[in-house]
Amino acid sequence: MCSKGVRVVKLYKLSQATFTFDIRQHSCYSESWETEWSEHTQQCQECPQPRAPTPAPMQSSLQPLCLSLEKLHRVKDSMLEAMDRGLSRRTHAQATVRMLPNFIRSTPDERGEFLVLELRDTDLRVLLVELSGDTRQMVTVKQQLFPVSDAMAQGPGEELFAYMATCLCEFLDRLRLPRRAFQLGFSFPFHCRQTRLDQSYLISWTKSFKCPGVEGRDVVELLQNAINKQDRYPITVIAVVNDTTGTMMSCEASAEPCEVGLVVDAGTNSCFMAEARHVEMVEESEGRMGVVTEWGSFGDDGTLNDMLSPYDRLVDEASLNPGKSRFEKMISVLYLGEIVRHILATQGGLFSERTTPALLTKGSVQTRDILEITDEQVGLVRAQCVLRQLGLEASDQDCFSMQQVCSTVCIRAASLCAAGLAAILSHMCRNRELTHLKTSVAVDGAMFRDHAKFSQTLQQLVKQLAPECDVTLVQAEDGSGKGIAMVAAVASRQVAQRLQVNQTLALLQLSPDALGKVQALLRREMELGLKKETHAMSSVRMLPTYICATPDGSERGNFLALDLGGTNFRVLLVQVGSREQGGVQIVSEVYSIPPYMAQGPGSQLFDHIVECIMDFQAKQGMMGQTLPLGFTFSFPCQHTGLDQGVLLSWTKGFNASDCVGQDVVKLLREAVKRKNHFALDVVAIVNDTVGTMMSCGYDDPSCEVGLIVGTGTNACYMEELRNVGTLAGGEGRMCVNMEWGAFGDNGCLDAFVTPFDRQVDEASLNPGRQRFEKLISGMYLGEIVRRILLELTAKGLLFRGRPSPKLQTRDIFQTKFLSSIESDGLALRQVCAILEGLGLHVTCEDSVLVREVCQVVARRAAQLCGAGVAAVVEKIRENRGLEQLSVTVGVDGTLYKLHPHFAQEVQKTVQLLAPRCSVTFLRSEDGSGKGAALIAAVACRVARHQQA
Ligand code: ADP
Ligand code: MG
């Protein structure tokens, strides 16, 4: 044929063979090719005469192999359904696409030196692979092949594994390396149920293997035992891998992550990084998990029946496993030659209607030949050659037809592969809740490597079938060797990192024993604090509050309440009526206290407070009225009466001057005097814990403990007056404000304090003070987490070792982040959003680790708080000489109320440490406001009593 003829023919072939595209969109397409051809052949002596080079029957016989775009979409959709069935626990066992987890949790950029042992069809390959960790990953130091005979492949399993161990030793002997420990990745390409990166149970042998005694067993353990038996080299098998996974992992660290592996060789298979929560066969719900699809058996349930051509049926019937591996039989190298042979053998109009025995013999057409025949340059010559070997006299026309058949079969394989790959990509995009996915796919095997049209078709069709995904197909080099080394590297890094993470976090993990110790320590401090002689030695002050009665429900009237002691200052009007009148009704106004006010001169702070009260009264139209006032002042105060409280120290970010040592009520009255125009009737000053207990007590008379876990933490409870040594004895009970935030200020908690806590303490306004509070409360938890994150980053365990400038800013990590990061159902994507807000580039592993840190810090806080409550309720029980105590704890504070697991953890700990107390936790609604008013009401009621 002349060169112009070749060009025209090329166009023709395009139009016929690439039928899955619209040929008119192809750049070489010319409307006039037919005319061109006929004009050309009329003049040209070299080119064959018939106008249409392919006889019509040929076209119709290829028709069943032609898959329209619409059909491919259907294949994709059924693949997606099959994948979902494989992933679901309920349908996994029956699924055709098994979706087996491979316990790969991240794609790599790794370094290190690893041994690789690869069991293949007829041999064993041992490699020593060094990973440089940069973009040009691997250097193979050495490799050696050892034959595996049929006898070995079918002999006792023990012998096979012993042989592997011997080969390893022989290989290392030859290298004459200094004796040291090796980590090994094991490639075991059989059907396995993997349960860990280093644990995989053989389901069944395939290919030419059939060693008794291995099925159902962990192949890592078998190999490790065999290695240990040799007792020559200290080799640890750290990962077992399937070849598809190896391919995915071998892909060079390029711009986008490579999260899909595809192998089209003798067989076909694929793997990808799925969201762990969708892989129901594993317990994990965090992060990603590699899944090997085992898609070769897609269609075994009949899904693909309407795509099957008569030739596929012939190939299947003659195969070793009829009815099985339907998808594989349309795609992989092992079968394409056979499909072509069947077409040629059954096709009329070829080879002058002759066949030969060779053409009718299974296996006489090799897929390798087919790939060559589809080549634009040498294909026709190859066709001639192959046909001649089959004993056929082939005309130009026959060669041409042969080429067309081969292209058609290959392109169908590529199209089906594309549909499968598109399903994987769409699945990833959908389950990551993305609108757009950018990823690389590592491809290995002869089809992609040796057949340009296959790779082009695959690439083009994937784009059409999964338009939401931006994919780059990358040819994997030595997928198995390098990839397995990569997996081993990841495994080794994960093991090492886990160890480091565990070491870091272990400091914050408290055993039940440790919690019991905390409980006992607090109990001892409580006793010390209550006794007059030892009071000064205790870190908890156990302050009498002069509150001896809880509300009895008969209180009535309107009261004013103030709430100072945390984030905001509030003024409230509380109307206490009978239940019929609607019970307690509250109107309130929030005023902010800026830091310069909280840490400036005391007079300025109290002036501001009075201005706020005046503003509130004006707004409520109560100027000139003097209502009894209850003042919730949530700082440690020494009371000498209900309406007197001397400030002992500031906490929680307050540090106003000239206040410590002063009576707070007096400071307030002086400020009122300075304003000089109204009167206040302060009847009680109380702590927020007391307010909380009182407000819950109004609804539940057994509420005898108050607990706060907000900006700070504190507790109060009803103590026997006879135990309150700091007062002159008496009958009955009094509420004691423990000021437990200071627990540990005498060093008694030092064994539980971590370096992170020390850093937070040292940078605080009150170093060395409020040690218990600094382990528990909202003001500090976020900061503790931040310090841990910095430490993990410095150790290279987080954020690739690079903290953002923002993360280095004090208090930037808010405690409310702990709540959102831990709330169930909040996808890790949102964790990422929070972290990205802090200028961090996070991987999925990063966000899983950050979440773990948040969990550990919050859990410790809740458990310590629980240990505190346990100490309190046990004391109440013992005070009363009861076998069993039923008591209610009134709780307030945003951390307790909004953190998703905090309350539960507190309760669990109390149950564990105080089994003889049945403790109910009652969340107070506006404990400080309502409580202060109720105390004022009780005080008024008691006073009226005494006057009467
Ligand atoms: P206060 O103790 O000052 O009276 P709160 O009880 O409202 O006030 O507690 C405020 C503290 O709660 C803040 O310091 C903050 O650390 C913490 N916080 C705020 N929002 C949340 C949240 N969603 N989850 C956990 N903690 C929170
Ligand atoms: Mg509060």
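Start at 1 and go down the list; that is how both ligands and their atoms are numbered.
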- Any L765 side-chain heavy atom under 4.5 Å of Q599 side chain: yes
- Query: Against heavy atoms of G710, which atoms of ligand 1 measure under 4.0 Å?
  - Reply: 2 (O), 6 (O), 9 (O), 11 (C)
- Message: For the 3.5 Å polar cut-off, considering only N or O atoms, please tell me whether G565 and ligand 1 meet it.
- Response: no
- Task: Could you find the nearest protein heavy atom to atom 8 (O) of ligand 1 and give me its residue, atom name and distance?
- Result: T567 OG1, 3.3 Å
- Query: Does K816, backbone or side chain, put an N or O under 3.5 Å from an N or O of ligand 1?
  - Reply: no
- Message: Checking side-chain polar atoms at under 3.5 Å, does E525 have a donor or acceptor matched by the opposite partner on N746?
- Response: yes
- Scan side-chain atoms only and decide if N714 and D688 contain a donor-acceptor pair under the 3.5 Å cut-off. no
- Query: Does any pair with a residue in residues 859-869 pass salt bridge (Lys or Arg N to Asp or Glu O under 4.0 Å), and if so which ones, sequence neighbours excluded?
  - Reply: D757-R860
- among protein heavy atoms, the one nearest atom 18 (N) of ligand 1 is T894 CG2, 3.8 Å
- Task: May I ask you to identify the nearest protein heavy atom to atom 13 (C) of ligand 1, giving residue, atom name and distance to one decimal place in Å?
- Result: T711 OG1, 4.0 Å
- Message: Looking only at distances, can you tell me whether any N or O atom of H899, backbone or side chain, sits closer than 3.5 Å to an N or O atom of ligand 1?
- Response: no
- Please say whether S819 places an N or O atom under 3.5 Å from an N or O atom belonging to ligand 1. yes
- Can you see which heavy atom on H899 is nearest to which on H901, and at what distance? ND1-N, 3.0 Å
- Item | Atom indices of ligand 1, in the order listed, that fall short of 4.0 Å to a heavy atom of L898 | 22 (C), 23 (N), 24 (N)
- Message: Please list, in number order, the atoms of ligand 1 under 4.0 Å from a heavy atom of G893.
- Response: 6 (O)
- Item | atom 16 (O) of ligand 1: nearest protein contact (heavy atom, Å) | G778 O, 2.9 Å
- Message: Under 3.5 Å, is there a donor on one side chain and an acceptor on the other for D892 and S924?
- Response: yes
- Message: Going by salt bridge (Lys or Arg N to Asp or Glu O under 4.0 Å), name the pairs with one or both residues in residues 704-718, residues two or more places apart or in two chains.
- Response: E704-R733, E704-R880
